[in-house]
There are 2 protein chains.
Amino acid sequence: MQSRPSRPPIAFLLTQVGSHAAGKFAERLAPLDLAPPHAGILRAIAVNAGMSQQALSGYLHILPSRLVTLVDELQERGLIERRDSPEDRRVYALHLTPKGQTALEAIARIGREHESAVCAPLTDDEREQLGALLLKIAEAEGLVPGVHPGFGRMGPPRGNPRDHQGGASELSRDSGKLRRAPRRGK
Amino acid sequence: MQSRPSRPPIAFLLTQVGSHAAGKFAERLAPLDLAPPHAGILRAIAVNAGMSQQALSGYLHILPSRLVTLVDELQERGLIERRDSPEDRRVYALHLTPKGQTALEAIARIGREHESAVCAPLTDDEREQLGALLLKIAEAEGLVPGVHPGFGRMGPPRGNPRDHQGGASELSRDSGKLRRAPRRGK
DNA sequence: TATTGTTATACTCTATAACTATA
DNA sequence: TATAGTTATAGAGTATAACAATA
């Protein structure tokens with residue numbers, strides 16, 4: 001009796017498709033041995049070289065305590081550097097290394113592939129429409145263009161925790177001289 | 001120099017807006033003292049009364065071990081019942097209680113409010129367009145209409161864990177006779 | 001005293017294995 | 001032997017407090 005076929009609510013479709021897209025992006029990023037938060041950090045540092053961990057924490061909405069681990073991991077891979085800040089000896093100035101630049105380019109390529117895959121079922125006109133509509137909602141909700149709320153959420157498939165045995169490029173703490181002073185806690 | 005204003009990639013907007021919508025839904029659900037997975041379970045049981053926990057687990061993509069806790073919580077609140085299955089004494093037949101029916105209606109109301117809020121910046125025509133475009137992507141990705149991938153993700157604001165002290169309606173295990181046999185582990 | 005980076009701690013969700021009762 | 005529900009356990013993310021060095 002209803003001429004238009006019933007469709008799930010838009011809010012539900014947004015949650016479902018958005019969650020799926022996030023998961024797929026994490027999958028596509030996994031071959032680089034990076035998770036979405038890593039990619040977000042690299043990008044933020046590239047745009048704003050020398051920013052502090054505090055600034056990064058506020059910008060990406062990642063807690064400082066979690067950022068320490070993520071920055072450690074990126075530094076262990078040689079993708080970023082913690083440089084001493086000349087003005088304030090408390091803060092680190094975060095910078096991309098050349099290797100980090102290369103990684104960022106790989107991430108950008110994966111981002112384009114991801115975009116193509118997600119938009120595959122749409123025509124060019126439809127992509128234009130969808131982009132405009134999503135942007136309208138994002139702006140109404142006060143979302144900042146380059147940041148999502150809750151970066152670490154929507155877990156990436158970092159492989160099964162149980163599979164970590166002879167792993168080749170696994171992350172291990174305490175590999176080399178990271179950070180300035182040991183600052184050994186009590 | 002570019003006539004069209006540049007816009008973030010659609011895949012990114014989807015992730016951002018979808019994550020935000022999920023978080024808002026969890027917020028709107030919080031006054032009922034329910035999280036999104038609880039709502040999904042109630043709805044699934046309403047549609048398919050008497051289904052087993054295994055079936056529910058497969059349908060909602062929640063691990064059986066996690067389902068035990070969620071079903072416990074709903075049963076403690078008197079929203080659902082575990083009835084003995086006459087055919088197979090291993091399985092529980094899950095049913096809504098009258099109180100569960102009432103809760104489901106409250107959830108539906110909240111769902112409508114949520115839909116209105118998310119779609120607020122759009123005209124009726126735009127809502128129609130957006131719904132059709134999202135459905136197109138969802139179908140292309142093989143997403144099942146009523147289920148999202150990763151139900152428990154995108155954390156709800158269940159209140160700060162630290163605030164659990166004199167809480168009124170907090171969940172406590174072992175309150176009443178749940179389940180069939182004690183099945184005391186070794 | 002306040003701030004930056006850090007460690008410690010607790011809770012939640014995810015994921016797997018193992019176990020009991022039943023088929 | 002296989003299956004339903006459950007428990008135990010490990011890992012990762014979220015969140016807060018507290019700490020040392022520095023401002």
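Below, each value reflects all heavy atoms present in this structure, side chains not excepted, and no hydrogens, waters or symmetry copies. Here is how names work: the chains are called A, B, and so on, in the same order as the sequence lines, proteins then strands, and each is numbered from 1. All figures in this text were calculated on a predicted structure; none of them were measured in a lab.
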Q. Any idea which of C:dT4, D:dG5, D:dT14 is nearest the B:Y92 side chain?
A. D:dG5

Q. Is the count of non-hydrogen atoms from other residues, nucleotides or ligands lying under 6.0 Å from B:R43 atom CZ greater than 12?
A. no

Q.
From C-beta outward on A:R89, which listed nucleotide comes closest to its side chain: C:dT4, D:dT22, D:dT6?
A. D:dT22

Q | Short N-O contact, B:E141 and A:K24, less than 4.0 angstrom | A | no

**Q.** Nearest-nucleotide 5' precedence on DNA chain D, A:P64 against A:E87
**A.** A:P64

Q | Atom-pair distance (CG on A:D88; P on C:dT3), nearest Å | A | 12 Å

Q. Among A:V17, A:L13, A:L134, A:L130, which one satisfies side-chain contact (heavy atoms from CB on, under 4.5 Å) with B:L133?
A. A:L130

Q: Could you check how far CZ of A:R90 sits from P of C:dT1, rounded to whole Å?
A: 16 Å

Q. Counting any heavy atom closer than 4.0 Å, what does B:S65 reach on the DNA or RNA strands: base, sugar-phosphate only, or nothing?
A. base

Q) Between D:dT6, D:dG5, D:dA23, which one does the side chain of B:S52 approach most closely? A) D:dG5

**Q.** Lys/Arg-Asp/Glu bridge criterion (N-O < 4.0 Å) met for A:K99, A:E81
**A.** no

Q: Please state whether the base of D:dT14 and the side chain of A:R66 form at least one donor-acceptor pair under 3.5 Å?
A: no

Q: To the nearest Å, give me how far apart CD (B:E73) and C1' (C:dC13) are.
A: 12 Å

